[in-house]
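Reading through the structure tokens given below for one structure.
A note on names: the letters A, B, ... follow the listed sequences, proteins ahead of strands, and every chain is numbered from 1.
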Amino acid sequence: MTAMRLRFAPSPTGALHIGGARTALFNWLLARGSGGQLVLRIEDTDRERSTPQNVAQIIDALRWLEIDWDEGPVMQSERAERHRQELTRLLDQGHAYRSSATAEDVKAYKATHGAERGFRGQPEAEGAVRLRVGEEGATVVHDVIRGETVFEHRHLDDPVIARADGTPLYNFAVAIDDLDAGVTHVVRGEDHLSNTPKQLLVLEALGAPQPLYAHLPLLHGPDGKKLSKRHGAASVQELRRAGYLPQAVRNYIALLGWGSESDQTILSTKELVDQFALERVSRNPARFDEAKLRWMNGVYIRSLTPPQLATAVEGFLEHERPDAAAAVRADPQRLQQAARITQEKVQSLAEFWPLSGFLFEDREIEPRARERWLDAKGTMSLREARRALAAIEPQDFGEQRVQQALEALVQRLSVKPGQVYQPLRVAICGSTTSPGIFESVSLLGREQTLRRVDVALGDGGA
RNA sequence: GCCGCCAUCGUCUAGGGGACUAGGACGCCGCCCUCUCACGGCGGUAACACGGGUUCGAAUCCCGUUGGCGGUACCA
């Protein structure tokens with residue numbers, strides 16, 4: 001594959017959304033797969049909505065996703081001189097003209113000339129700069145994903161490419177920037193397809209070479225509407241906060257609008273790089289389905305070694321629950337063991353603390369759990385369990401020994417296992433769900449276990 | 001309104017004229033495993049938007065309709 005020059009060019013008007021993340025990923029996969037480069041450009045020419053905070057947030061999100069770039073970030077606003085230069089050329093050569101026509105004027109024009117008729121302004125001394133679009137002919141967008149789309153010039157308005165004060169507008173700046181950056185492939189969302197002829201026309205007026213285009217299908221929320229907060233985690237930041245692993249997010253969003261030839265669902269980043277091809281990208285819009293991401297995240301969590309999971313959990317807690325992070329950091333050994341026994345029970349990093357935090361802190365017993373399992377019968381079982389566990393020497397308090405003791409008790413009492421395990425579970429973790437009871441008890445340790453049982457029994461502590 | 005893009009299970013998709021009684025994954029349902037929750041295993045549910053063509057033959061090609069989406073800013 002020949003090396004491709006790609007670019008990811010977000011506008012810093014908000015957080016990096018899932019759609020933007022996918023665009024970034026696709027560009028990155030192409031760059032890495034072809035031995036090419038990826039340029040990061042920040043399109044901040046919208047002075048109203050662009051903020052440095054958003055820039056920082058986008059860069060942070062890309063780093064978290066482990067998507068890196070070879071050049072940039074290039075600030076579009078810092079290229080004003082270049083833009084002005086080319087704008088002047090266009091004006092001088094008569095490819096563009098100034099016009100004070102407003103959106104209202106365009107509307108009025110269409111009312112008399114027909115709605116499908118492109119607007120043509122009269123050159124004036126002042127006003128915004130419009131690119132002259134010919135009456136005849138058409139501009140054809142050759143899209144790697146969609147094939148050819150023909151835009152007839154007579155339907156196109158003379159687009160405004162710069163404000164009256166000379167500052168460039170998107171469709172102009174983007175054409176110049178892609179040109180100067182030597183971009184070979186413009187891979188972006190389908191919402192830009194209608195913009196492409198304008199950019200092509202700018203390039204043509206400049207006598208400049210044109211890149212290849214690939215317009216990705218748009219991403220929607222579960223209801224088919226535009227993705228928004230309402231749909232849960234819609235930005236990369238939110239995904240991170242929800243406890244997803246970056247590699248899982250990469251795998252999942254790669255599958256939105258693309259599928260490997262082998263029909264594989266779980267693909268490592270290397271496999272993604274090796275297998276991704278623009279030619280296999282779908283033309284249909286896709287919906288973001290968090291249920292599948294959750295499942296996939298679980299698969300990735302289970303594929304981690306306990307030390308790796310421990311590290312991920314710690315990083316997550318540091319970000320989301322500093323208090324819990326401190327507790328967990330105080331006992332790295334236990335954290336690793338906790339990771340081991342929790343691994344197959346969670347689908348996100350966020351579930352770790354609720355499920356296994358009891359290994360690091362005392363917890364109130366949930367009222368419903370107490371009601372259900374610490375009644376007269378449960379209390380009796382719990383006393384028996386306490387006795388059985390107390391009989392184990394502290395240094396023998398391993399999983400096997402705990403299991404033996406408890407299983408023997410179940411047998412002796414001739415009750416269902418749950419009749420012994422559930423009250424014990426509730427006593428040590430405050431809830432009816434936890435990692436396996438033998439592992440949990442053993443990890444908690446003899447002393448802590450007995451103490452918590454006593455508290456639950458009302459025999460000690462408070 | 002106008003210009004344009006798109007249309008296979010609920011969702012992501014495979015499919016590029018006969019291999020399709022339409023395959024995979026998630027979800028959902030059932031069974032098994034089982035100390036809770038999960039994991040895992042097995043099985044099941046479920047789709048070619050509609051109408052015309054073209055063809056011996058269409059999910060696959062063409063046209064139309066409908067629907068969804070995008071653009072239509074001195075936003076990006």
Proximity to the side chain of [X] - top-ranked nucleotide from [options]:
X: A:Asp191; options: B:rA76, B:rG70, B:rC5; value: B:rG70
X: A:Glu344; options: B:rC75, B:rC2, B:rC39; value: B:rC39
X: A:Asn284; options: B:rU8, B:rC3, B:rG24; value: B:rU8
X: A:Pro285; options: B:rA76, B:rC26, B:rC6; value: B:rC6
X: A:His220; options: B:rG71, B:rU36, B:rC69; value: B:rC69
X: A:Gln347; options: B:rA76, B:rC39, B:rC2; value: B:rC39
X: A:Arg287; options: B:rC35, B:rC3, B:rU11; value: B:rU11
X: A:Arg425; options: B:rC12, B:rC35, B:rG70; value: B:rC35
X: A:Asp157; options: B:rU72, B:rA76, B:rA25; value: B:rU72
X: A:Ser282; options: B:rG70, B:rC3, B:rU13; value: B:rU13

Is any side-chain nitrogen or oxygen of [X] closer than 4.0 Å to OP1 or OP2 of [N]?
X: A:Arg283; N: B:rC6; result: yes
X: A:Arg294; N: B:rA25; result: no
X: A:Arg130; N: B:rA73; result: no
X: A:Ser194; N: B:rG70; result: no
X: A:Arg188; N: B:rA76; result: no

Will you find, in the side chains of [X] and [Y], an N or O donor that is under 3.5 Å from an N or O acceptor?
X: A:Ser262; Y: A:Gln264; result: yes
X: A:Gln403; Y: A:Glu407; result: yes
X: A:Tyr170; Y: A:Asn195; result: no
X: A:Arg250; Y: A:Gln247; result: no

Base, sugar-phosphate alone, or nothing: which one does [X] contact when heavy atoms must sit under 4.0 Å apart?
X: A:Thr102; result: nothing
X: A:Asp165; result: nothing
X: A:Ile437; result: base
X: A:Ala164; result: base
X: A:Phe438; result: base
X: A:Pro435; result: base
X: A:His215; result: nothing
X: A:Thr265; result: sugar-phosphate
X: A:Arg280; result: sugar-phosphate
X: A:Thr13; result: nothing

Is a donor-acceptor pair below 3.5 Å formed from side chain [X] to base [N], judging by atom type as modelled?
X: A:Arg49; N: B:rC75; result: yes
X: A:Lys345; N: B:rC37; result: yes
X: A:Arg302; N: B:rC39; result: no
X: A:Asp44; N: B:rA76; result: no

Taking atom [atom1] in both [N] and [M], compute the distance separating them and give it to the nearest angstrom.
N: B:rU60; M: B:rG18; atom1: P; answer: 12 Å
N: B:rG27; M: B:rG64; atom1: P; answer: 41 Å
N: B:rA49; M: B:rC29; atom1: C1'; answer: 27 Å
N: B:rG57; M: B:rG17; atom1: C1'; answer: 7 Å
N: B:rU34; M: B:rA38; atom1: C1'; answer: 10 Å
N: B:rU13; M: B:rC48; atom1: C1'; answer: 13 Å

Original post:
Given atom CD of A:Gln403 and atom P of B:rC35, what is their separation to the nearest angstrom?
Top reply: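 Whole-Å distance recorded here is 9 Å.
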
Original post:
For A:Lys110 and B:rC3, what is the distance between atoms NZ and P respectively, to the nearest whole Å?
Top reply: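 Result: 10 Å.
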
Residues [X] and [Y] bridged, charged N to O under 4.0 Å:
X: A:Lys110; Y: A:Asp157; result: yes
X: A:Arg120; Y: A:Glu135; result: yes
X: A:Asp177; Y: A:Arg7; result: no

Original post:
Taking for each residue the nucleotide of RNA chain B bearing the nearest heavy atom, is the 5' side occupied by A:Glu148 or by A:Gly257?
Top reply: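 The residue closer to the strand's 5' end, by nearest nucleotide, is A:Glu148.
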
Subject >> 5′-ward residue of the pair A:Ser260/A:Thr432 relative to RNA chain B >> reply: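 Nearer the 5' end of the strand: A:Ser260.
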
Original post:
Under 3.5 Å, is there a donor-acceptor pair between the side chain of A:Asp44 and the main chain of A:Ser50?
Top reply: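 Side chain of A:Asp44 to backbone of A:Ser50, a donor-acceptor pair under 3.5 Å: no, none is there.
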
